[in-house]
Amino acid sequence: MITIALSKGRIFEETAPLLAAAGIHADEEPGSSRKLILETNRDDVRLIIVRASDVPTYVQYGAADIGIAGKDVLDEHGGTGLYQPLDLQIAKCKMMVAVREGFDYQACISQGARLKVVTKYVKTAREHFAQKGMHVDLIKLYGSMELGPLVGLADAIVDLVSTGGTLRANKLEAVEHIGDISSRLIINQASMKLNREKLQPILGAFSDAVAGAK
Ligand code: ATP
Ligand code: MG
């Protein structure tokens, strides 16, 4: 049995066409089903529906053979035990630093001020500011990072930005680009060796579908 770990929402929507290209169709719609294990048209393939940030964990420990996870999530996880053979070019966005409109971020940097930063991406943020030689106090949040600077919890946020609509709606502006984000196919390293015959065609179909979508 090949188990594929996916998260609901945007990643699933953008993954469904890739699964279809590999001839895999879920028996039920994950959006409406409450089931966490979904059977497919193939007896030897099932899907499990997990939290986006938990996908690498399921694949690392072999509870799933394959997963699809954002680079943001993979950077925080660290990638232990995972192959990352394919950039699926879906769920694209950017990891950015943002501050309140008018807040002089560059002046803070040149004065060596100690910044307070809220983020869900503590590892990514720590590495980014360390590389710049900036001193920051990181505060972990699990969502609605945009609120932090508005209520005095922080000077800046590190978060994903796509259209910038949420930043604008909260009078924040992006001041630094940390990296480009997209979703990646991940495969358990031991499973890739043991199940290569079954996994390789799926990997190949995904790869062709991504190349065809360009
Ligand atoms: P939850 O919403 O359950 O707290 P989550 O926020 O991690 O979890 P999603 O919002 O579905 O889950 O995001 C899943 C992945 O989609 C992220 O890890 C990221 O790679 C990508 N993503 C997040 N926000 C955007 C966006 N605005 N545009 C494009 N891709 C995004
Ligand atoms: Mg979300």
Side-chain angles (χ1 to χ4, degrees), residues 5 7 9-11 50-61 67-189:
S7 54
R10 113 178 63 225
I11 288 193
V50 306
R51 195 74 187 260
S53 45
D54 291 334
V55 168
T57 307
Y58 279 86
V59 178
Q60 172 188 359
Y61 290 103
I68 292 177
K71 183 175 186 296
D72 51 325
V73 163
L74 288 166
D75 287 345
E76 288 295 306
H77 172 272
T80 308
L82 305 175
Y83 286 126
Q84 298 184 31
L86 189 59
D87 181 346
L88 298 170
Q89 307 278 351
I90 58 171
K92 285 187 178 180
C93 50
K94 294 179 191 314
M95 188 68 75
M96 308 279 290
V97 182
V99 298
R100 283 172 76 160
E101 283 172 12
F103 180 91
D104 198 341
Y105 180 69
Q106 295 308 331
C108 279
I109 296 178
S110 49
Q111 289 160 13
R114 196 174 182 99
L115 278 187
K116 280 192 286 179
V117 180
V118 288
T119 187
K120 177 160 111 177
Y121 302 102
V122 173
K123 182 164 180 263
T124 299
R126 190 189 304 116
E127 287 170 3
H128 173 71
F129 292 114
Q131 201 187 4
K132 290 182 58 102
M134 285 172 66
H135 292 288
V136 294
D137 292 316
L138 292 173
I139 302 171
K140 165 107 186 183
L141 287 180
Y142 293 87
S144 303
M145 267 70 81
E146 295 83 6
L147 190 57
L150 304 182
V151 296
L153 182 61
D155 305 302
I157 73 174
V158 167
D159 198 11
L160 298 175
V161 178
S162 49
T163 62
T166 308
L167 291 183
R168 274 193 299 281
N170 292 292
K171 296 197 160 37
L172 301 179
E173 59 183 355
V175 287
E176 206 159 61
H177 175 233
I178 298 180
D180 290 330
I181 302 295
S182 57
S183 290
R184 313 295 162 100
L185 183 69
I186 58 175
I187 304 182
N188 175 276
Q189 288 179 352

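Numbers here simply count residues along the sequence, with the first being 1. Side chains are part of it too, since the values below use all heavy atoms of this structure and drop only hydrogens, waters and symmetry mates.
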Checklist line | More than 12 heavy atoms of other groups within 6.0 Å of Y58 OH | finding: no
Note to self: Checking E101 now: which residues fulfil salt bridge (Lys or Arg N to Asp or Glu O under 4.0 Å) with it, not counting sequence neighbours?
What the structure shows: none
Show me, pair by pair, the donor-acceptor contacts under 3.5 angstrom made by side chains of residues 146-167, not counting sequence neighbours?
residue : atom : partner : partner atom : Å
D155    : OD2  : K116    : N            : 2.8
T163    : OG1  : G165    : N            : 3.1

Item checked: Nearest non-hydrogen partners of G70 and I11, listed with the distance -> N-CD1, 4.1 Å
Check: Which atom pair, heavy atoms only, marks the closest approach of G67 to V59?
Finding: N-CG2, 3.7 Å
Checklist line | Contact list for residues 69-83, test salt bridge (Lys or Arg N to Asp or Glu O under 4.0 Å), sequence neighbours left out | finding: K71-D75
Checklist line | Closest non-hydrogen atom pair, L74 against P56 | finding: CD2-CG, 4.0 Å
Next item on the list: Would you give the length of the straight line joining atom NE2 of H77 to atom CD of Q60, rounded to the nearest 0.5 angstrom?
Entry: 3.5 Å
Item checked: Within residues 161-179 or reaching into it, pairs that qualify as salt bridge (Lys or Arg N to Asp or Glu O under 4.0 Å) - sequence neighbours excluded -> K132-E176
Checklist line | I178 versus T124, closest heavy-atom pair with distance | finding: CG2-CG2, 4.2 Å
Check: By salt bridge (Lys or Arg N to Asp or Glu O under 4.0 Å), which residues pair with D104, not counting sequence neighbours?
Finding: none
Notebook entry, point to check: Rounded to the nearest 0.5 Å, what separation is found between the CG atom of L115 and the NE2 atom of H135?
Noted result: 11.0 Å
Check: Any idea which heavy atoms bring L82 and Q189 closest together, and the distance?
Finding: O-NE2, 3.1 Å
Notebook entry, point to check: side-chain contact (heavy atoms from CB on, under 4.5 Å) between I68 and V55: does it pass, once the steps are laid out?
Noted result: CA-CA 7 Å; I68 292 177; V55 168; 5.8 Å; no
Notebook entry, point to check: Looking at residues at least two apart in the chain, or sitting in another chain, which of them share a salt bridge (Lys or Arg N to Asp or Glu O under 4.0 Å) with R114?
Noted result: D137
Notebook entry, point to check: Taking only residues at least two apart or on different chains, which pairs with a member in residues 79-90 satisfy side chain to side chain donor-acceptor pair (under 3.5 Å)?
Noted result: D87-S182, Q89-K92
Notebook entry, point to check: Roughly how far, to the nearest 0.5 Å, is CD of Q106 from CZ of F103?
Noted result: 11.0 Å
Next item on the list: Rounded to the nearest 0.5 Å, what's the gap from OH on Y121 to CZ on R126? Could you check?
Entry: 15.5 Å
Next item on the list: Only counting residues at least two apart or in another chain, list the ones meeting salt bridge (Lys or Arg N to Asp or Glu O under 4.0 Å) with K94.
Entry: D180
